[in-house]
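One structure is given here, and the rest of the page talks about it.
A note on names: the letters A, B, ... follow the listed sequences, proteins ahead of strands, and every chain is numbered from 1. Values reported hereafter were calculated over all heavy atoms of this structure, with side chains retained and with hydrogens, waters and symmetry mates removed.
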Amino acid sequence: MLDKTSTAPEAERLLGWYDRHHRDLPWRVSPPMRARGVKADPYHVWLSEVMLQQTTVAAVKPYFAKFLALWPGVNDLATARSEDVMAAWAGLGYYARARNLKKCAEAVAAEHGGRFPATEAGLKALPGIGDYTAAAVAAIAFDEPAAVMDGNVERVISRLYAISDPLPGSKPAMKAKVAALTPQERPGDFAQAMMDLGATICTPKRPACALCPFREDCRALAVGDPEHYPVKAAKKAKPVRRAAAFVAVSPQRRMLLQRRPDKGLLGGMTQVPVTDFTSRRDGATSPDAAPFPAGWQPRGTVVHIFTHFELRVDVYRAGVAERAVEDGWWEPLDNLAAQALPSVMKKIIETAIVSTPDPTQGHAQ
DNA sequence: GAGTCGTGGCG
DNA sequence: TCGCCAAGACT
C-alpha cells in the first residue's frame with residue numbers, strides 16, 4: 001500500500017521528465033515559474049480546458065487569445081452578450097460548450113463572487129464542467145490532488161498496465177490507477193505531464209517508447225505492442241443525411257440569415273435557410289423546399305462530416321428582392337465575418353457565392 | 001449506457 | 001483518400 005504522503009517512483013520519473021520536456025502553452029505556468037511562486041490563473045485554466053475538450057491544441061490557441069483579449073476576466077465574460085460569445089466561438093465546434101461557458105461565467109460571477117470554487121466537487125457543479133475539467137482545474141489552478149483522466153491519460157495508463165479490457169468499461173479501473181499515482185506535491189504538473197506525455201511520446205501511432213520516462217515500467221512495452229492499447233469498443237457506421245440550403249442575396253448586397261434553436265445540433269448558431277438535417281431520403285433535393293419561391297439555381301453540393309453522421313447539402317442561390325420574413329434578417333455581405341456561422345454554413349455560403357456548379361457533382365446520384 | 005454534439009489535421 | 005481522433009459534457 002502506498003504511503004499517502006510519499007510520491008510513487010513513477011510519478012517522480014514523470015515529473016523529472018516534465019521539468020525537462022514540458023510544452024510551453026499560452027494558458028500554462030511553466031515549472032520554473034511555479035517554483036518562483038507564480039500561480040496559474042483559474043480563469044485561464046478553465047477557459048483553456050473547456051476549449052480543449054475534444055479539440056487540438058493548435059485549434060485552441062487563436063481562440064484562447066481572442067477570448068482573453070475580448071474578455072480578460074470571468075466577470076467580463078459573465079456580462080458579455082451571448083451573441084458575441086457565440087460569434088467568437090464560431091468554427092471551434094461543439095457549440096454547447098460556448099453556451100455552457102457563458103452560463104458558467106454567470107454562475108461564478110453571481111454565486112461565487114467572481115472566484116472559481118477551489119475544489120473538484122465545487123467545480124463539477126458548474127455548467128459545462130464534468131469529471132475531467134473539474135479535476136484538471138482543481139489540480140492545475142488549486143493544487144488539489146485530483147485524479148485527472150482524459151484521452152491522453154487513458155492511453156498512457158492502459159499501456160503502462162497493459163489493460164486489455166475495452167473502453168469505456170475499463171475507465172473506472174484506469175481512474176483508480178491514476179488516483180494511486182497522483183502525488184500530493186505538484187498534482188497539477190503531474191496531470192499536465194501525463195497529458196504532454198500522451199501528446200508527444202505515448203502517441204496513438206508509433207509511440208516514441210525509447211524516449212519515455214516509463215519505458216522501464218511499461219507493461220505494454222514489455223509485452224511488445226504498446227500501439228495495441230487502449231482497446232476500444234467497436235464503433236457504428238455513420239449514416240448519410242441530405243438537406244438543401246438556400247442562399248438568398250438582395251440587390252442591396254444583403255443575405256437572408258436565421259438563428260438556429262438553442263438546443264440541439266449547432267444550437268444558437270447562425271445559418272442560411274436549410275431543410276432539416278434529419279431527413280434521410282435518398283436522391284435529389286429540390287428548390288420546392290425553399291422558404292419562398294424564387295429563381296433558385298443549383299450551385300453544387302457540400303459534404304460535411306459530423307461526429308455521428310455525414311451531411312450532403314445541395315446548395316441553391318437566388319437573387320431576390322428583400323422581403324419581410326417570419327424568422328431571420330437581412331445581413332450585409334460585408335458583415336458576414338462577424339456572424340456566428342459554423343463551418344458547415346461557411347462552406348455552404350462559399351459554394352453559393354464563389355464556386356461554379358460542377359456538372360459531374362451535384363444532386364441526384 | 002448509449003446517443004448526441006463540430007471541426008480540421010494527419011498517417 | 002479516408003478513417004481516426006483531440007485536454008469530454010450532457011441526457
Among [options], which is the nearest nucleotide to the side chain of [X]?
| X | options | value |
| --- | --- | --- |
| A:Lys235 | B:dG6, C:dC4, B:dT7 | C:dC4 |
| A:Tyr95 | B:dG6, C:dG8, C:dC5 | B:dG6 |
| A:Thr307 | B:dC5, C:dA9, C:dA6 | B:dC5 |
| A:Thr55 | B:dT7, B:dG6, C:dC10 | B:dG6 |

Just to be sure I understand the rule, does [X] reach a base, reach only the sugar-phosphate, or reach nothing, if contact means heavy atoms closer than 4.0 Å?
| X | value |
| --- | --- |
| A:Ser343 | sugar-phosphate |
| A:Arg99 | nothing |
| A:Ser48 | nothing |
| A:Leu266 | sugar-phosphate |
| A:Gly264 | sugar-phosphate |
| A:Gly198 | nothing |
| A:Ile129 | sugar-phosphate |

Check the distance between [N]'s [atom2] and [X]'s [atom1] and give it to me in whole angstrom.
| X | N | atom1 | atom2 | result |
| --- | --- | --- | --- | --- |
| A:Met51 | C:dA9 | CE | P | 16 Å |
| A:Glu310 | C:dT1 | CD | C1' | 13 Å |
| A:Arg97 | C:dA9 | CZ | C1' | 10 Å |
| A:Leu101 | C:dG8 | CG | C1' | 14 Å |
| A:Phe306 | C:dG3 | CZ | P | 17 Å |
| A:Trp89 | C:dA9 | CH2 | C1' | 12 Å |
| A:Asn100 | B:dT4 | CG | C1' | 14 Å |
| A:Asp262 | C:dC10 | CG | C1' | 16 Å |

On the nucleotide [N], are OP1 or OP2 found under 4.0 Å from the side-chain N or O atoms that [X] carries?
| X | N | result |
| --- | --- | --- |
| A:Gln53 | C:dG8 | no |
| A:Lys236 | B:dG3 | yes |
| A:His304 | B:dG6 | no |
| A:Thr56 | C:dC5 | no |

Quiz item: Are the side chain of A:Thr351 and the backbone N or O of A:Ile349 linked by a donor-acceptor pair below 3.5 Å?
Solution: no
Quiz item: Under the 6.0 Å and 45° cation-pi test, does A:Arg317 pair with A:Phe246?
Solution: no
Self-check item: Ring centroid separation A:Trp17 to A:Phe214 under 6.0 Å
Solution: no
Exercise. Would you please indicate if the ring centroids of A:Phe306 and A:His304 are separated by under 6.0 Å?
Key: yes
Practice problem: Would you mind reporting whether A:Leu311 and A:Val303 have side-chain heavy atoms less than 4.5 Å apart? | Solution: no
Quiz item: Are the side chains of A:His44 and A:Arg28 in touch, meaning some heavy atoms are under 4.5 Å apart?
Solution: no
Quiz prompt | Polar pair under 3.5 Å, donor/acceptor by atom type, side chain A:Tyr94, base B:dG6 | solution = yes
Exercise. Taking all heavy atoms of A:Asn335 and all of A:Gln339, pick out the closest pair and write down the distance.
Key: O-NE2, 3.3 Å
Exercise. With DNA chain B as reference, determine whether A:Ala59 or A:Phe309 sits nearer its 5' end, using the nearest nucleotide of each.
Key: A:Phe309
Practice problem: On DNA chain B, check which nucleotide each of A:Pro168 and A:His308 is closest to and give me the residue with the more 5' one. | Solution: A:Pro168
Practice problem: Select from A:Val57 and A:Leu126 the residue whose nearest nucleotide in DNA chain C is closer to the 5' end of that strand. | Solution: A:Val57
